[in-house]
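All remarks here apply to the structure that follows.
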Amino acid sequence: VELEKLASRKLRLSAKTTMTIAEKLYTQGLISYPRTETNIFPKEMNLTSLVEAQTGDNQWGAFAGRILGEWNGPHPRAGKKSDQAHPPIHPIKHTSGLQGDEAKVYEFIVRHFLACVSQDAVGKET
């Protein structure tokens with residue numbers, strides 16, 4: 001439900017379209033199980049390899065590299081929900097061969113994942 005709400009608001013896609021695309025990406029082995037509300041990553045999950053898989057991307061690869069380099073690896077946010085069956089939705093492997101709405105949903109999932117495992121933003125007052 002959370003993925004559908006966010007995609008509706010940010011990508012202007014209907015909930016049904018979003019879930020249809022997410023399920024297709026899941027069956028292609030590109031993302032994890034999309035029908036979960038879990039937002040707690042299991043401690044034993046290798047987040048570093050998931051971030052490493054995204055470092056070669058032209059759009060978000062540099063950010064993934066910063067997570068691994070200057071921020072000393074992924075540090076997931078402390079979530080509040082876990083169904084104990086599935087981890088939060090995340091990319092399984094990198095791809096650049098998607099088009100249209102599929103590319104938008106995949107990019108959204110990757111960027112959301114990277115934001116969830118990165119350091120908090122720091123602002124400066126002037």
Side-chain angles (χ1 to χ4, degrees):
V1 175
E2 199 62 33
L3 170 64
E4 295 159 309
K5 283 196 272 186
L6 288 170
S8 174
R9 201 169 67 238
K10 305 280 187 187
L11 304 177
R12 307 264 188 238
L13 297 174
S14 72
K16 182 177 182 185
T17 299
T18 299
M19 193 48 66
T20 299
I21 292 169
E23 287 176 344
K24 183 176 181 185
L25 295 173
Y26 170 67
T27 59
Q28 292 173 340
L30 298 174
I31 65 168
S32 63
Y33 184 70
R35 292 188 176 269
T36 182
E37 293 299 310
T38 300
N39 61 11
I40 300 172
F41 285 99
K43 294 200 183 313
E44 66 276 358
M45 191 169 176
N46 185 353
L47 298 173
T48 300
S49 66
L50 296 174
V51 174
E52 283 173 348
Q54 300 300 324
T55 58
D57 191 88
N58 292 336
Q59 295 180 49
W60 55 80
F63 185 70
R66 286 180 65 195
I67 292 170
L68 297 172
E70 63 186 85
W71 295 334
N72 298 316
H75 301 284
R77 302 279 183 274
K80 293 180 174 30
K81 293 185 265 180
S82 178
D83 62 14
Q84 303 297 318
H86 304 284
I89 303 167
H90 61 276
I92 301 290
K93 59 185 176 184
H94 178 262
T95 185
S96 57
L98 299 173
Q99 303 276 321
D101 289 343
E102 287 181 5
K104 286 181 190 176
V105 171
Y106 179 78
E107 178 179 349
F108 182 76
I109 289 169
V110 172
R111 288 182 184 272
H112 185 79
F113 165 72
L114 293 175
C116 287
V117 300
S118 69
Q119 287 187 342
D120 292 336
V122 178
K124 293 183 180 179
E125 282 188 45
T126 58

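Start at 1 with the first residue, then count along the sequence.
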*asked:* For Gln99, is the CD atom crowded, meaning more than 12 foreign heavy atoms sit under 6.0 Å from it?
replied: no
_Connected via hydrophobic side-chain network under 4.5 Å: Val117 and Ile40_ = no
*Same hydrophobic cluster for Leu98 and Leu114, using side-chain heavy-atom links shorter than 4.5 Å among ILVMFWY?*
yes
*Heavy-atom count around Phe63 CZ within 6.0 Å, excluding the residue itself: above 12?*
yes
_Nearest non-hydrogen partners of Glu52 and Leu68, listed with the distance_ = CG-CD1, 3.4 Å
*Mark yes when over 12 heavy atoms from residues, nucleotides or ligands other than His94 sit less than 6.0 Å from its NE2; otherwise mark no.*
yes
*Does some side-chain heavy atom of Pro74 sit less than 4.5 Å from a side-chain heavy atom of Thr48?*
yes
_I'd like to know if the side chain of Ser118 and the backbone of Ile67 have a donor-acceptor N/O pair within less than 3.5 Å._
no
*Does the Ser8 side chain pair with the main chain of Glu4, one donor and one acceptor, at a distance under 3.5 Å?*
no
*Nearest-0.5 Å distance, OG1 of residue Thr18 to NZ of residue Lys104*: 10.5 Å
*What heavy-atom pair brings Lys93 and Tyr106 nearest, and what distance separates the two atoms?*
O-OH, 2.6 Å
*Given the rule that I, L, V, M, F, W and Y join up when any side-chain heavy atoms are under 4.5 Å apart, are Ile92 and Ile89 in one cluster?*
no
*Return the orientation label for the Phe113 and Phe41 ring planes: parallel under 30°, perpendicular over 60°, tilted otherwise.*
perpendicular
*Identify the heavy atoms of His112 and Leu6 that sit nearest to each other, and give their distance.*
CE1-CD1, 4.2 Å
*Can you name the closest pair of heavy atoms from Gln54 and Leu50 and give their distance?*
CG-O, 3.6 Å
_Reported CZ-to-CG distance for the pair Arg111 and Asp57, which is rounded to 0.5 angstrom_ = 8.0 Å
*Is the shortest heavy-atom distance from the side chain of Phe108 to the side chain of Leu3 under 4.5 Å?*
yes
